[in-house]
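Note sheet for the following structure.
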There are 2 protein chains.
Amino acid sequence: MCADTIAFETHHDHSQCIEQAMDEARSLCKARSLRLTPIRELVLKLVWQSHKPLGAYEILPALAEAGFNSAPPTVYRALDFLQEQGLVHRIAMLNAFIGCPHPDDAHHGCFLICRHCNTAVEADSSAAEALIREQASALGFTTEQQSIEVLGCCPNCQERA
Amino acid sequence: MCADTIAFETHHDHSQCIEQAMDEARSLCKARSLRLTPIRELVLKLVWQSHKPLGAYEILPALAEAGFNSAPPTVYRALDFLQEQGLVHRIAMLNAFIGCPHPDDAHHGCFLICRHCNTAVEADSSAAEALIREQASALGFTTEQQSIEVLGCCPNCQERA
DNA sequence: TCTTGTTTTGTTATAGTATAACGGAACATT
DNA sequence: AATGTTCCGTTATACTATAACAAAACAAGA
Ligand SMILES: [Zn+2]
Ligand SMILES: [Zn+2]
Ligand SMILES: [Zn+2]
Ligand SMILES: [Zn+2]
């Protein structure tokens with residue numbers, strides 16, 4: 001499973017990650033009586049197939065190849081749906097999307113993004129999230145949504161250098 | 001001064017904030033032997049005049065009015081310069097820019113953005129920043145830059161409701 | 001099955017954000 | 001004045017995202 005424990009592990013069997021993510025998505029949608037349509041399923045799979053966050057326009061050609069309409073609204077609608085269900089996250093600094101490894105449970109993730117190889121992993125950030133929420137609260141600000149994104153150098157790229 | 005202490009204070013004399021920010025910018029550039037050209041100075045002033053984060057294309061008309069060229073590269077160059085010097089920050093979730101109230105000292109800020117009135121304030125987030133840095137480090141990830149952005153409801157808008 | 005209301009998708013157009021590339025002007029230094 | 005550097009003007013274009021409306025697919029009751 002593509003979880004925090006194997007963050008930045010390059011040698012794992014990623015097809016396993018993908019399959020599990022797709023299974024979870026299917027059961028999650030079923031449980032919520034939502035339709036994981038072919039387009040949505042394909043978009044989710046494409047996002048998962050990349051360890052790098054994927055831009056919306058990088059997804060379009062694959063949709064076309066699969067015989068679907070491939071105009072921007074198609075992919076953005078699918079991404080909107082997947083985001084609403086917590087199946088993918090959007091990384092604002094990159095205008096790109098990445099699959100969430102634990103879409104079922106409420107969680108607060110931060111993204112560690114490598115400047116060199118462009119991989120990104122979602123790490124738990126509950127503690128930081130709580131801290132920020134408290135500090136904001138002290139200023140009278142009610143937190144509804146947080147985005148924590150970190151640029152830097154991943155262990156693999158450090159080793160290479 | 002438009003600092004954390006008066007975050008979300010609507011009734012302060014903002015012209016004071018602006019003047020102080022401009023003074024600081026001038027001395028900071030002088031100290032660094034950099035040129036705070038008329039365009040850069042105007043862009044910084046425009047950003048400061050708004051309590052809401054300002055999009056690049058919202059700045060262009062004012063540049064035109066002031067007699068400058070007003071094509072996108074003009075404002076993006078100025079914003080790039082101001083960002084590099086820490087005089088403004090970019091808020092990724094909004095594609096918008098906001099003046100930094102303490103550009104001289106190294107600091108880690110997070111942005112509290114109100115969904116209702118669109119104001120944003122920069123609050124100190126050193127503690128959260130350190131926490132995240134440590135957690136990333138534990139995964140072998142070297143942090144170079146962090147972005148913490150918080151959406152929610154500011155005290156003024158809560159009072160109104 | 002037929003009807004009807006709802007959700008999803010196709011399609012076209014357009015809005016919004018950001019950068020590439022190159023020439024010319026302004027500036028600083030000698 | 002000559003020279004190298006930085007900054008700006010200008011045009012074009014890339015990239016990201018949404019509006020609007022029609023057609024199709026689906027779900028559920030009559
Ligand atoms: Zn997640
Ligand atoms: Zn890397
Ligand atoms: Zn700042
Ligand atoms: Zn507000």
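Below, each value reflects all heavy atoms present in this structure, side chains not excepted, and no hydrogens, waters or symmetry copies.
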Between atom CD1 of Ile148(B) and atom NE2 of His108(B), what is the distance when rounded to the nearest 0.5 Å? 9.5 Å
Quick one: sort the Trp48(B) and His14(B) rings into parallel, tilted or perpendicular, breaks at 30° and 60°. tilted
Can you confirm whether His107(A) sits close enough to Cys100(A) that some side-chain heavy atom of one is under 4.5 Å from a side-chain heavy atom of the other? yes
Picking from dA19(D), dT17(C), dT16(D), which would you name as closest to the side chain of Arg90(A)? dT16(D)
Under 4.0 Å: is that the gap between some side-chain N or O of Asn69(A) and OP1 or OP2 of dT11(C)? yes
Between dC15(D) (P) and Glu58(A) (CD): distance, integer Å: 10 Å
Integer-rounded Å distance: dT17(C) P and Ile91(B) CD1: 14 Å
Between the side-chain atoms of Tyr57(B) and the base atoms of dA18(C), is any donor-acceptor pair under 3.5 Å? yes
For dT18(D) and Tyr76(A) - does any side-chain N or O of the residue sit under 4.0 Å from the phosphate oxygens OP1/OP2? no
Separation of Asn95(A) atom CG from dT19(C) atom C1', in whole Å? 14 Å
OP1 or OP2 of dC7(D) sitting under 4.0 Å from any side-chain N/O of Arg40(B)? yes
Base, sugar-phosphate alone, or nothing: which one does Arg35(A) contact when heavy atoms must sit under 4.0 Å apart? sugar-phosphate
Let me know, please, whether Phe97(B) or Arg77(B) comes out on the 5' side of the other along DNA chain C by nearest nucleotide. Phe97(B)
Rounded distance (Å) that lies between atom P of dT9(C) and atom CG of Leu79(A): 12 Å
Does this structure show an ion pair linking Asp23(A) with Arg26(A), if we count only N-O contacts that are shorter than 4.0 Å? yes
Output the rounded distance in Å from CE (Met93(A)) to C1' (dT16(D)). 17 Å
I need the CG-C1' distance between Leu60(A) and dA14(D), as an integer number of Å. 15 Å
Could you state the CG-C1' distance from Leu34(B) to dA28(C), rounded to the nearest angstrom? 14 Å
Indicate whether OP1 or OP2 belonging to dC7(D) is found under 4.0 Å from a side-chain N or O atom of Thr37(B). no
Could you give the CG-to-P distance, from Leu94(B) to dT16(D), as a whole number of Å? 18 Å
Kindly indicate, with the supporting measurements, whether the criterion side-chain hydrogen bond (donor to acceptor under 3.5 Å, both in side chains) is fulfilled by Arg133(B) and Gln146(B). CA-CA 9 Å; Arg133(B) 176 184 299 269; Gln146(B) 286 193 19; over 6 Å; no
